[in-house]
Amino acid sequence: MPWFVKIEQGIVDKPIFDRYVPAHKAYVEDLIAKGHHAKTGYWQRRGGGMLLFEAESMEEAQQIVAEDPLVKHGCVKYDLYQWCIVVE
């Protein structure tokens, strides 16, 4: 399966953002359970992060990202890319 990456930037105040972090983490755990090999994290500098995951297609990746609680609640703006691995 291809890899995809959502690179995001927070666009709401931290207390609002933090309200949705538990749901985001649960969502990523569900992606892992479904075989998407997802990983999520944030940049050391406050204000952004990344979700890395496998999906069958860009269309599926877009659907996955659209259901992320941080996206659904307007906490982040993001770019979505297919990541083409060169060396593993």
Side-chain angles (χ1 to χ4, degrees):
M1 252 192 305
W3 282 93
F4 294 87
V5 61
K6 173 186 73 156
I7 298 180
E8 62 190 28
Q9 179 181 2
I11 56 173
V12 297
D13 291 335
K14 189 170 181 340
I16 295 169
F17 185 91
D18 288 349
R19 189 179 313 153
Y20 298 103
V21 169
H24 168 72
K25 290 167 69 175
Y27 183 68
V28 174
E29 289 170 356
D30 186 57
L31 291 176
I32 293 166
K34 291 177 178 174
H36 292 281
H37 301 106
K39 300 175 187 324
T40 191
Y42 60 92
W43 311 123
Q44 181 65 35
R45 183 187 74 209
R46 184 178 153 237
M50 186 172 87
L51 172 64
L52 180 66
F53 61 96
E54 289 182 324
E56 292 290 338
S57 64
M58 178 58 85
E59 291 76 21
E60 183 184 26
Q62 290 168 333
Q63 291 172 343
I64 287 170
V65 169
E67 292 300 315
D68 183 333
L70 294 178
V71 172
K72 285 177 78 169
H73 294 281
C75 297
V76 297
K77 65 179 181 177
Y78 66 89
D79 291 305
L80 178 62
Y81 302 98
Q82 183 172 343
W83 184 42
C84 301
I85 298 173
V86 176
V87 176
E88 240 180 308

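This is a predicted model, so every value here is computed, not measured.
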If every non-hydrogen atom of [X] is compared with every non-hydrogen atom of [Y], which pair is closest and at what distance?
| X | Y | answer |
| --- | --- | --- |
| V87 | I85 | O-CG2, 3.5 Å |
| L51 | A38 | CD1-CB, 4.4 Å |
| K72 | A66 | CG-O, 3.1 Å |

Would you compute the distance between atom [atom1] of [X] and atom [atom2] of [Y] and round it to the nearest 0.5 angstrom?
| X | Y | atom1 | atom2 | result |
| --- | --- | --- | --- | --- |
| F53 | I64 | CZ | CD1 | 5.0 Å |
| M1 | S57 | CE | OG | 10.5 Å |
| L70 | K77 | CG | NZ | 15.5 Å |
| L80 | K6 | CG | NZ | 9.0 Å |

Applying side chain to side chain contact (heavy atoms under 4.5 Å, CB included), run through W3 and H37 and close with a yes or a no. CA-CA 9 Å; W3 282 93; H37 301 106; 3.8 Å; yes

Before giving the answer on side chain to side chain donor-acceptor pair (under 3.5 Å), spell out for E54 and H36 the whole-Å C-alpha distance, their side-chain angles and the decisive distance to 0.1 Å. CA-CA 5 Å; E54 289 182 324; H36 292 281; over 6 Å; no

Indicate, with yes or no, if V28 and Y42 share a hydrophobic cluster defined by side-chain heavy-atom contacts under 4.5 Å among Ile, Leu, Val, Met, Phe, Trp and Tyr. no

Within the 4.5 Å heavy-atom criterion, are [X] and [Y] side-chain neighbours or not?
| X | Y | value |
| --- | --- | --- |
| V5 | M50 | yes |
| I7 | Y78 | no |
| Q9 | V76 | no |
| F4 | M58 | yes |

Show the numbers, then the answer: is there a side chain to side chain contact (heavy atoms under 4.5 Å, CB included) between H24 and D68? CA-CA 6 Å; H24 168 72; D68 183 333; 2.9 Å; yes

